[in-house]
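Below: the structure, in structure tokens.
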Amino acid sequence: MPVNCSSCEQRRAVLRRPKTGHSLCKDCFFHAFEEEIHHTIISAKLFIPGEKVGIGASGGKDSTVLAHVMKVLNERYGYGLDLILISVDEGISGYRDDSLETVKRNQMQYELPLKIISYQELYGWTMDQIVKKVGLKNNCTFCGVFRRQALDRGALMLGVNKICTDDIAETVLMNFLRGDIARLRRCTAITTGSEGAIPRCKPLKYAYEKEIVLYAYFKKLDYFSTECIYSPNAYRGHARAFLKDLESLRPSSIMDIIHSGENLSVKEDVKMPTQGICTRCGYISSQSLCKACVLLEGLNRGLPKLGIGKHHKLHQKLISQEPLSEHEERRLKAVDF
């Protein structure tokens, strides 16, 4: 039996909100979804008028919704922000080249400038080349580290003050599973600034994943939905699948995970890593060499396992350009395909 919208009470409801249980028509759902994100932005004081804000644009559903909503709210409420899309080209044939076409269409649809920065340009390697060297087991480690730094470097080139991103629940769960307390405490913050050169903020932090899907669907947003060809065995992919299963049983499960991370308490005598600066590239790092430089060194020296696992004892050798022993080289050349 058709049900009227519980908000306007005039139009037919087309959905039942997972977050509140209210039956809403499309227009009332759009308004409620956008107003809640506006409330998040204002209450957390995410932006200052006049700031240049980069939006991480992958062409996927979440980043497309983020770009669309930021454009709408910036105009509706006069945030006074200079918005720009920043996309990273990892160099994955048959995947990233297609998703970048979606980003380029988004650029025209939202009339926002776009900067595309590539791994080839920054590191001299594409992910296709990296996978040939390291295999499929650990390739996502390289991509995740390089992508984070690439987004920051692209933002620095553009003089961006802050970067908007959309990934949080997966990151929180992964840090839970790894027992990485330091990153867990940082990643749950709505604005993080200690892990990168530029503060990152998360306007969609309290949005339900199902509602992001519904918003994209009913708005008919143009997004790319194919999974990365190298991700079937990715750690993040398993976390994402687990979260989807949880949310299908209990829509609030993602928010519960985020709130758990926020409320985590750590004993006072627990030693936390301190952030410093990479001695080679100047990027923020808790070690003398940042993860990206270690991974890149391993690739360039034909030692693909150098950045996988804990090899901090070798960092000083890398810094001083000392040759590795035969045993060290043999161990680091082994590749898991």
Side-chain angles (χ1 to χ4, degrees), residues 1-49 51 53-85 102-103 105-112 162-169 190-191 201-225 244 247-248 250-256 258-259:
M1 180 179 175
V3 178
N4 281 348
C5 173
S6 60
S7 180
C8 69
E9 299 181 348
Q10 296 176 2
R11 293 179 290 266
R12 290 276 177 85
V14 296
L15 60 89
R16 186 181 179 85
R17 284 196 73 183
K19 192 171 189 177
T20 64
H22 294 154
S23 299
L24 299 176
C25 64
K26 283 195 294 185
D27 290 341
C28 288
F29 169 64
F30 295 153
H31 180 76
F33 184 84
E34 292 161 1
E35 287 302 300
E36 286 173 7
I37 295 171
H38 171 62
H39 175 74
T40 297
I41 290 170
I42 296 303
S43 61
K45 299 179 181 177
L46 292 186
F47 310 113
I48 298 171
E51 283 186 323
V53 177
I55 301 172
S58 66
K61 162 183 50 60
D62 290 3
S63 70
T64 301
V65 168
L66 176 61
H68 176 84
V69 172
M70 284 299 299
K71 165 82 171 177
V72 168
L73 295 179
N74 190 42
E75 294 176 350
R76 181 184 297 167
Y77 292 105
Y79 292 164
L81 304 177
D82 181 11
L83 301 177
I84 181 168
L85 302 176
T102 303
V103 174
R105 291 196 301 272
N106 291 159
Q107 174 195 14
M108 293 185 289
Q109 292 157 357
Y110 306 148
E111 298 178 326
L112 294 175
K162 287 172 184 167
I163 304 172
C164 285
T165 59
D166 57 73
D167 56 333
I168 179 167
I190 196 163
T191 299
C201 51
K202 308 175 183 75
L204 299 184
K205 178 178 179 179
Y206 298 114
Y208 277 32
E209 182 65 22
K210 277 190 175 181
E211 297 201 351
I212 293 173
V213 173
L214 290 169
Y215 187 88
Y217 174 76
F218 284 113
K219 277 285 185 181
K220 295 182 171 57
L221 299 185
D222 184 4
Y223 63 90
F224 184 78
S225 57
K244 285 181 179 178
E247 194 179 32
S248 66
R250 181 179 176 180
S252 67
S253 58
I254 290 179
M255 284 299 105
D256 295 339
I258 293 172
H259 290 314

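No hydrogens, no waters, no symmetry mates; every other heavy atom, side chains included, goes into these values.
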Donor-acceptor pair, distance only, cut-off 3.5 Å: does the side chain of K19 make one with the backbone of Y206? yes

Between E247 and Y208, is a side-chain hydrogen bond (donor to acceptor under 3.5 Å, both in side chains) present by the stated rule, with each step listed? CA-CA 9 Å; E247 194 179 32; Y208 277 32; over 6 Å; no

Any sub-3.5 Å donor-acceptor pair from D222's side-chain atoms to T102's backbone N or O? no

Smallest separation among heavy atoms of P203 and T40, with atom names: O-CG2, 3.8 Å

Is there a side-chain contact between R250 and D256, using heavy atoms and a 4.5 Å cut-off? yes

Check whether any side-chain heavy atom of C28 sits under 4.5 Å from a side-chain heavy atom of R11, and report yes or no. yes

Which atom pair, heavy atoms only, marks the closest approach of A216 to K61? CB-CG, 4.3 Å

Nearest atoms (heavy-atom pairs only) where L221 meets H68: CD2-ND1, 3.8 Å

I want to check something: taking the side chain as every heavy atom from C-beta on, are Y79 and E51 in contact at a cut-off of under 4.5 Å? no

Side-chain heavy atoms of V3 within contact of R12, under 4.5 Å: no

Does any non-hydrogen side-chain atom of F33 lie less than 4.5 Å from one of K219? no

Verify, without hydrogens or angle tests, whether S23 (side chain) and S6 (backbone) share a donor-acceptor contact under 3.5 angstrom. no

Taking S63 for the side chain and S58 for the main chain, is one N or O donor matched with an acceptor at less than 3.5 Å? yes

Given side chains that start at C-beta, do those of R17 and L15 come closer than 4.5 Å, heavy atoms only? yes

Nearest heavy-atom approach of R76 to E35 is NH1-OE2, 3.3 Å

Going by the side-chain contact (heavy atoms from CB on, under 4.5 Å) test, name the single residue among H39, K45, H38 that passes it with I42. H38

All heavy atoms of C201 vs all of L46, minimum pair found to be CB-CD2, 4.1 Å

Note, Y110 side chain near M70 side chain (heavy atom, < 4.5 Å): no

State whether the side chain of K210 and the backbone N or O of P18 hold a donor-acceptor pair below 3.5 Å, judged by distance alone. no

Are more than 12 heavy atoms from other residues, nucleotides or ligands located less than 6.0 Å from atom OH of Y217? no

